[in-house]
Amino acid sequence: MVHRREQYHDVHNALEVIRFIDESTPKSEVFLHMYHLEMGNLSHSQAYPLESEDELFLAIASAMEDMIDDDVDCYWLIKSFVSHIESKFRASHIQMQKSFEHYLNLEDNRLVTHLKTGNTLDKLPYDLWFKKCFAGCLPASSLQRVWDKLVSGSCKILVFVAVEILLTFKMKIMALNNADSLSKFLEKIPEDNTDAIVSKAIDLWHKHCGVPAHSV
């Protein structure tokens with residue numbers, strides 16, 4: 001931990017010396033620049049277009065900031081978590097979307113039919129759900145429970161959280177008649193019952209897949 005703390009401060013100070021960051025730089029961006037410097041990918045200019053991997057990192061970093069008070073701990077957890085989901089689940093995104101439709105159809109085929117009829121099923125915020133792992137969509141308390149399952153090795157929890165969100169807000173979703181308004185609503189769902197949504201999602205996961213050994 002001492003080594004990690006020293007490494008953090010060395011990288012942080014290097015970015016200050018080359019004037020890539022200062023006190024006004026948002027913390028998530030500081031973490032991203034530090035990550036790029038450590039990986040040897042730091043741009044020559046601060047005004048560079050963000051890659052999809054950068055957007056993923058920033059989303060995870062912003063969410064992790066709400067969970068972790070210590071900046072050093074936060075940075076190393078972000079790095080490790082991003083590496084974990086990129087290495088283990090990157091190839092699973094298409095399959096997760098198919099699984100989502102499958103399980104939603106089992107739970108409520110009328111809802112699936114409604115989404116297909118309105119041509120909105122393919123336009124749901126799948127990247128937010130399955131690539132960014134609900135970062136920015138769920139509050140920190142609920143997100144921690146979902147990410148705990150991801151760290152344990154299962155990405156299927158993401159599928160069932162997405163299914164449960166649609167089941168919970170079925171009436172609202174049925175009333176929204178275009179893809180843009182539906183995506184906008186799903187990208188930032190009301191926070192008052194997200195803990196219940198995650199609990200029901202875990203129940204759905206166990207219902208359809210059994211109780212994984214690591215969840216006991």
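Taking SG of Cys209 as the reference point, atom CD1 of Ile157 lies at 9.5 Å (rounded to 0.5 Å). Separating the CG atom in Asp180 from the CG atom in Leu176 is a distance of 11.0 Å, to the nearest 0.5 Å. The structure places CG of Leu186 at 10.5 Å from NZ of Lys172, a figure rounded to the nearest 0.5 Å. Expressed to the nearest 0.5 Å, how far OG of Ser99 lies from NE2 of His102 amounts to 7.5 Å. With values rounded to the nearest 0.5 angstrom, Leu143 atom CG is found 9.0 Å from Asp66 atom CG. In this structure, NZ on Lys149 lies 14.0 Å from SG on Cys155, to the nearest 0.5 angstrom.
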Worked check of side chain to side chain contact (heavy atoms under 4.5 Å, CB included) between Leu150 and Cys133
CA-CA 9 Å; Leu150 281 177; Cys133 308; 3.7 Å; yes

Under the side-chain hydrogen bond (donor to acceptor under 3.5 Å, both in side chains) rule, what do Tyr103 and Lys156 come out as? Steps first, then yes or no, please.
CA-CA 11 Å; Tyr103 290 116; Lys156 272 200 169 179; 3.3 Å; yes

Test ring pair (Phe, Tyr, Trp, His ring centres under 6.0 Å) on Phe89 and Phe130 and set out the steps.
CA-CA 9 Å; Phe89 307 135; Phe130 304 144; over 10 Å; no

Derivation of the salt bridge (Lys or Arg N to Asp or Glu O under 4.0 Å) call for Asp10 and Arg5
CA-CA 9 Å; Asp10 285 345; Arg5 194 168 292 276; over 6 Å; no

For the pair Glu164 and Ser199, evaluate side chain to side chain contact (heavy atoms under 4.5 Å, CB included) and give the outcome as yes or no after the intermediate values.
CA-CA 9 Å; Glu164 186 55 45; Ser199 294; over 6 Å; no

Audit row: Lys132, Asp127, side chain to side chain contact (heavy atoms under 4.5 Å, CB included) steps and yes/no
CA-CA 6 Å; Lys132 296 179 181 177; Asp127 281 359; 5.8 Å; no

Criterion side chain to side chain contact (heavy atoms under 4.5 Å, CB included) on Ile68 and Ile78, from CA distance to verdict:
CA-CA 10 Å; Ile68 310 298; Ile78 293 164; over 6 Å; no

Give the table of side-chain donor-acceptor pairs shorter than 3.5 Å for residues 24-38, with sequence neighbours excluded, one pair per line with atom names and distance.
from, atom 1, to, atom 2, distance (Å)
Ser24, OG, Asp22, OD1, 2.5
Thr25, OG1, Asp22, N, 3.0
Thr25, OG1, Asp22, O, 3.3
Thr25, OG1, Asp22, OD1, 3.4
Lys27, NZ, Asp71, OD1, 3.0
His36, ND1, Tyr48, OH, 3.3
His36, NE2, Asp54, OD1, 2.9
Glu38, OE1, Tyr75, OH, 2.5
Glu38, OE1, Lys79, NZ, 3.1
Glu38, OE2, Gln7, NE2, 2.5

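Annotation for Cys137 and Ile189: closest pair O-CG1, 3.9 Å, computed over non-hydrogen atoms.
When atom types are taken as modelled, the side chain of Ser87 and the backbone of His84 share a donor-acceptor pair closer than 3.5 angstrom. In this structure a side-chain-to-backbone donor-acceptor pair under 3.5 Å is missing from Ser62 to Leu58. Judged by distance alone, the side chain of Asn109 and the main-chain N or O of Asn105 form no donor-acceptor pair under 3.5 Å. Trp76 contributes a side-chain N or O that, together with a main-chain N or O of Arg4, makes up a donor-acceptor pair within less than 3.5 Å.
Phe169 is listed as a side-chain neighbour of Asn193, based on a closest heavy-atom distance under 4.5 Å. In this structure, Val72 and Met1 have side chains that are in contact, with non-hydrogen atoms separated by less than 4.5 Å. Counting heavy atoms from C-beta on, the side chains of Thr120 and Asn178 never come closer than 4.5 Å. Residues Val161 and Trp205 have side chains not in contact (no heavy-atom distance under 4.5 Å, counting atoms from C-beta outward). In this structure, the side chains of Pro190 and Phe185 come closer than 4.5 Å at one or more pairs of heavy atoms. Put simply, the side chain of Leu167 reaches to within 4.5 Å of the side chain of Leu104, judged on heavy atoms. Leu158 has its side chain out of reach of Phe100: every pair of non-hydrogen atoms, C-beta onward, lies at least 4.5 Å apart. In this structure, Glu101 and Leu115 have side chains that are not in contact, with every pair of non-hydrogen atoms separated by 4.5 Å or more.
Here Lys170 pairs with Asp108, Leu111, Met174 under the side chain to side chain contact (heavy atoms under 4.5 Å, CB included) rule; sequence neighbours left out. Considering only residues two or more places apart in sequence or on other chains, Asp195 meets the side chain to side chain donor-acceptor pair (under 3.5 Å) condition with Ser142.
Ion pairing of Glu53 with Arg90 is present here, as a side-chain N (NZ or NE/NH1/NH2) and a carboxylate O approach within less than 4.0 Å. Taking a cutoff of 4.0 Å between a charged side-chain nitrogen and a carboxylate oxygen, Glu107 and Lys207 qualify as a salt bridge.
For Asp192, the CG atom is densely surrounded, since the number of other residues' heavy atoms within 6.0 Å is greater than 12. Remark: Lys123 NZ is loosely packed, at most 12 non-hydrogen atoms of other residues, nucleotides or ligands lying under 6.0 Å away.
There is no side-chain donor-acceptor pair under 3.5 Å between Glu187 and Ser183.
Between Phe81 and Trp147, the distance separating the two ring centers is shorter than 6.0 angstrom.
Side-chain heavy atoms closer than 4.5 Å link hydrophobic residues (I, L, V, M, F, W, Y) into clusters, and following such links, possibly through other members, connects Met39 to Ile85.
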